[in-house]
Asker: 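Sharing a structure below in structure tokens format, with a few things to ask.
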2 protein chains.
Amino acid sequence: MEIKAKMKIRCSAHAAYEAFCDPEKITNFWFTKSSARWESGKTISLEDEDYAAAFDIEVILAEPDQIILFNWADGDDRRQCTLRFDEKDGCAIVEAVEAGWQEEKDNVAAMLRNQTGWVSMLTCLKAYLENGINTLRAGLVMD
Amino acid sequence: MEIKAKMKIRCSAHAAYEAFCDPEKITNFWFTKSSARWESGKTISLEDEDYAAAFDIEVILAEPDQIILFNWADGDDRRQCTLRFDEKDGCAIVEAVEAGWQEEKDNVAAMLRNQTGWVSMLTCLKAYLENGINTLRAGLVMD
């Protein structure tokens, strides 16, 4: 089963793609540290200091302004994440998909938690790219 | 099972509570129409013109700056929603809880969809109350 979220943003697909790949830009809406520019074949260390989280991702494919495919490990589980960038009516459409979930009942709380993360990230991305606001990203209280 | 989301917002609990209850304010981050001020015992008609949604809620309890408890029907299912308002370190903490979910596998997609709605709403509320931005709320693409 997949977790999916999709956001319409008044910007180009290029601007949305760059927001993830550029280590300075990503700090405005998602992680507080990204170790290098996201490119195919690279391992990137990510940190979120506000939520005391740190892990590596493996960028499988990064096709400028189109798609980023990366793997990350969530405990024993390996997730494959896809970010797709499209343009429609002068807006970027950014879709995030996290595959690799089993549908068992015990996973529901974890799926809801990760869905929360993706929706929050995409909404913060929209506020950053449309309004230059970078103060939304640490608002979620995860207890 | 419950769906839950919680947001820290740099404003008073009073300002956050009023954002829901005042029919003009709610249009900035959630519904495009709210038929009356939210008060205990009232039935309120809500519309979201951007997502072609319309339904009534029954406000069971509205305690200024503290809690709003309301019922709404989602098809055959009846949900009980609670919005709690607290203050901590000079910020409002707004918690949304939607109870009445069964944990069966078939419900997972619906739970993820509603979790998406709550997280998006609270993030848009934060942007509205902290930055006066009301252009985030219709960004989600739900297909």
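A note on names: the letters A, B, ... follow the listed sequences, proteins ahead of strands, and every chain is numbered from 1.
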Asker: What do you reckon, is CZ of Arg37(B) surrounded by more than 12 foreign heavy atoms closer than 6.0 Å?
Answerer: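 For Arg37(B), atom CZ is crowded (more than 12 foreign heavy atoms under 6.0 Å).
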Asker: Does any backbone or side-chain atom of Ile133(A) lie under 4.5 Å from a heavy atom of chain B? Answer side chain, backbone, both or neither.
Answerer: side chain
Asker: Assigning hydrophobic clusters by single linkage (Ile, Leu, Val, Met, Phe, Trp, Tyr; side-chain heavy-atom cutoff under 4.5 Å), is Met1(B) placed with Met111(A)?
Answerer: yes
Asker: Using a cut-off of under 4.5 Å for heavy-atom pairs, which of Lys8(A), Glu95(A), Met142(A), Lys4(A) has the most such pairs with chain B?
Answerer: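 Highest number of heavy-atom pairs under 4.5 Å: Lys8(A).
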Asker: Between Asp143(A) and Lys6(B), is there a side-chain heavy-atom distance shorter than 4.5 Å?
Answerer: yes
Asker: Linking I/L/V/M/F/W/Y whenever their side-chain heavy atoms sit closer than 4.5 Å, directly or via other members, would Trp101(A) and Phe70(A) fall into one cluster?
Answerer: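 Result: yes, single cluster for both.
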Asker: Take Leu136(A) and Leu136(B) through the test side-chain contact (heavy atoms from CB on, under 4.5 Å) and record every step on the way to the result.
Answerer: CA-CA 12 Å; Leu136(A) 295 182; Leu136(B) 294 182; 4.1 Å; yes
Asker: Verify the neighbour count for atom CZ of Arg84(B): are there more than 12 heavy atoms of other residues, nucleotides or ligands below 6.0 Å?
Answerer: no
Asker: Any idea which of Glu130(B), Arg113(B), Glu2(B), Arg10(B) has the most non-hydrogen atom pairs under 4.5 angstrom with chain A?
Answerer: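 Highest number of pairs under 4.5 Å: Arg10(B).
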Asker: Is it the case that one hydrophobic cluster holds both Ile60(B) and Ile26(B), taking links as side-chain heavy atoms less than 4.5 Å apart, direct or via other members?
Answerer: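 No.
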Asker: May I ask you to check whether over 12 heavy atoms, not counting those of Lys42(B), lie within 6.0 Å of atom NZ?
Answerer: yes
Asker: Check whether Phe31(A) and Trp72(A) end up in the same hydrophobic cluster, where Ile, Leu, Val, Met, Phe, Trp and Tyr are linked by side-chain heavy atoms less than 4.5 Å apart.
Answerer: yes
Asker: Mind listing the closest non-hydrogen atom pair of Cys124(A) and Thr123(B) along with its distance?
Answerer: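 Scanning both residues completely, I find the closest heavy atoms to be SG-CG2, 4.3 Å.
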Asker: For chain A, which of Leu140(B), Thr116(B), Leu112(B) has the most heavy-atom pairs under 4.5 Å?
Answerer: Leu112(B)
Asker: Side chain from CB out, backbone as N, CA, C, O: work out which of these in Ala127(A) comes under 4.5 Å of a heavy atom of chain B, or both, or neither.
Answerer: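 When you check distances to chain B, atoms from both the backbone and side chain of Ala127(A) fall under 4.5 Å.
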Asker: Do Val141(B) and Met7(A) make a side-chain contact, defined as non-hydrogen atoms from C-beta onward lying under 4.5 Å apart?
Answerer: no
